[in-house]
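Below is one structure; the comments refer to it alone.
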Amino acid sequence: MKKILALLLMLAMLVCCFASCGSDADDTKKLTMATNAAFPPYEFYEGDKIVGIDAEIAEAIAKKLGMELEIIDTEFGSIIGGVQSGKYDIGVAGMTVTEERKESVNFSDSYANGIQSVIVAENSEYTSFEDFYTGFDADGNPEGVKEGVKIGVQQDTTGHIYSADEPGNWGFGEANVISYKTGADAVQALVSGKVTAVIIDNEPAKSFVAANTGLKILEGEYTNEDYAICIAKENTELLEKINTALAELKADGTIDKIIAKYIPTK
Ligand code: ARG
């Protein structure tokens, strides 16, 4: 009798185990998001948690899709490759939509705008963006970069791509650009006087200036950009689902609410 009871118990346990394993695999589909979490207010650490506009928007999308969001912090330059190869489902990183990137991945509808800003030391001798150049040609384009100008950027970002272009295209030439793993590292290089200026997206620029003493943002916009979520080319089903979710979250005010939480308008 005891034996039978024990057997029954074991059977019951086995059934339970299988049932729970099964439901785990089906119900909690993961949505893996790659980002580079040194980019406040879009993504940054609060303790050991990644928070910010992108984290919350992705969380809201995952909820709509009935999926569980997992955020992975990686180098900005490896996000697109990782999404392409299927290592991550989506890249959400204040990522600017560019024609070149569109050759590798698909982008969702845009959820925010960015502007490239120039941060300098408060006591910098450079008072405007034009000030970095030696002079201008008849068309108004820069002829050369002043001696000693070193521009810090986050590697593989649009700030990096534009800055490394020729002075004639309003870049600074590769030799005058120093790239860092994160925007925060580039800003630290500016604080310690290793670079003359940092070119980075405007909202992170504001956060970094607020978090460090002795920095300011030069007036003027370097470029205007759209941020969107990147998804593998072949994953059109997910692209559609995300665009639908984004449209709903825009319509019901969720996106505005998330942005306003991190970028309070005075
Ligand atoms: N908007 C810029 C770009 O797409 C910079 C983005 C950097 N993002 C980040 N999470 N570090 O190139």
Side-chain angles (χ1 to χ4, degrees), residues 35-36 38-43 52-54 76-77 79-80 91-120 124 126-134 136-137 139-146 149-180 182-187 189-190 195-209 215-230 259 262-263 265:
T35 195
N36 175 258
F39 200 67
Y42 293 95
E43 41 265 338
I53 294 171
D54 288 341
F76 184 75
I79 297 175
I80 289 188
V92 197
M95 189 180 282
T96 305
V97 180
T98 71
E99 288 309 314
E100 205 188 325
R101 290 174 181 167
K102 273 203 233 161
E103 286 174 16
S104 312
V105 283
N106 279 337
F107 280 100
S108 71
D109 296 330
S110 177
Y111 62 87
N113 283 98
I115 294 164
Q116 294 296 313
S117 290
V118 184
I119 315 176
V120 293
S124 173
Y126 301 96
T127 56
S128 73
F129 191 70
E130 288 76 12
D131 230 6
F132 294 125
Y133 296 104
T134 50
F136 300 88
D137 64 18
D139 296 328
N141 292 324
E143 287 176 325
V145 177
K146 280 185 187 160
V149 168
K150 287 276 173 269
I151 306 294
V153 293
Q154 179 183 10
Q155 125 195 330
D156 299 315
T157 59
T158 47
H160 185 189
I161 297 161
Y162 301 142
S163 302
D165 206 342
E166 296 301 311
N169 294 327
W170 291 89
F172 300 92
E174 235 162 303
N176 298 316
V177 176
I178 306 178
S179 68
Y180 296 88
T182 67
D185 290 344
V187 170
L190 177 60
V195 296
T196 323
V198 166
I199 296 189
I200 194 160
D201 305 47
N202 57 327
E203 289 304 333
K206 283 190 219 159
S207 297
F208 290 134
V209 167
L215 301 181
K216 67 175 180 195
I217 297 173
L218 289 182
E219 286 205 13
E221 297 181 6
Y222 192 28
T223 58
N224 209 314
E225 316 180 330
D226 286 327
Y227 292 167
I229 298 170
C230 72
I259 293 178
Y262 288 96
I263 309 175
T265 39

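None of the values given here were measured: they were computed from a predicted structure.
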Tell me whether the rings of Trp170 and Tyr133 are parallel (<30°), tilted (30 to 60°) or perpendicular (>60°). perpendicular

Out of Thr98, Asn113, Asp201, which one pairs with Glu225 under the side-chain contact (heavy atoms from CB on, under 4.5 Å) rule? Asp201

Could you tell me whether the side chain of [Y] reaches within less than 4.5 Å of the side chain of [X], counting heavy atoms only?
X: Tyr162; Y: Ile199; answer: no
X: Ile200; Y: Phe39; answer: yes
X: Val118; Y: Tyr126; answer: no

About how many Å separate [atom2] of [Y] and [atom1] of [X], when rounded to the nearest 0.5 Å?
X: Lys206; Y: Phe208; atom1: NZ; atom2: CZ; value: 13.5 Å
X: Ile217; Y: Ile119; atom1: CD1; atom2: CD1; value: 6.0 Å
X: Ile178; Y: Asn176; atom1: CD1; atom2: CG; value: 9.0 Å
X: Ile151; Y: Leu190; atom1: CD1; atom2: CG; value: 9.5 Å
X: Ser128; Y: Leu218; atom1: OG; atom2: CG; value: 7.0 Å
X: Ile161; Y: Gln116; atom1: CD1; atom2: CD; value: 9.5 Å

Heavy-atom donor-acceptor pair, [X] side chain to [Y] backbone, under 3.5 Å:
X: Ser108; Y: Ala228; answer: no
X: Asp137; Y: Asp139; answer: yes
X: Lys146; Y: Asp131; answer: yes
X: Asn36; Y: Thr182; answer: no

[X] to [Y] - nearest heavy-atom pair and separation:
X: Val153; Y: Ser163; answer: CG1-OG, 3.7 Å
X: Pro167; Y: Gly144; answer: CB-CA, 4.2 Å
X: His160; Y: Gln154; answer: CB-O, 3.5 Å
X: Phe76; Y: Thr157; answer: CD2-CG2, 3.8 Å
X: Ile80; Y: Cys230; answer: CG1-SG, 4.4 Å
X: Met95; Y: Phe107; answer: SD-CE2, 3.8 Å

Candidate pair Tyr180 and Val195, rule side chain to side chain contact (heavy atoms under 4.5 Å, CB included), full reasoning: CA-CA 11 Å; Tyr180 296 88; Val195 296; 3.7 Å; yes

Walk me through it: do Thr158 and Arg101 pass the test side chain to side chain contact (heavy atoms under 4.5 Å, CB included)? CA-CA 11 Å; Thr158 47; Arg101 290 174 181 167; 4.0 Å; yes

Just do the ring-ring contact (aromatic ring centres under 6.0 Å, His included) check on Phe129 and Phe172 with the steps written out, would you? CA-CA 11 Å; Phe129 191 70; Phe172 300 92; 5.7 Å; yes

Partner residues of Tyr227 under the ring pair (Phe, Tyr, Trp, His ring centres under 6.0 Å) criterion, sequence neighbours left out: Tyr42

If you draw a 6.0 Å radius around CD in Glu174, do more than 12 non-hydrogen atoms from other residues or ligands fall strictly inside? no

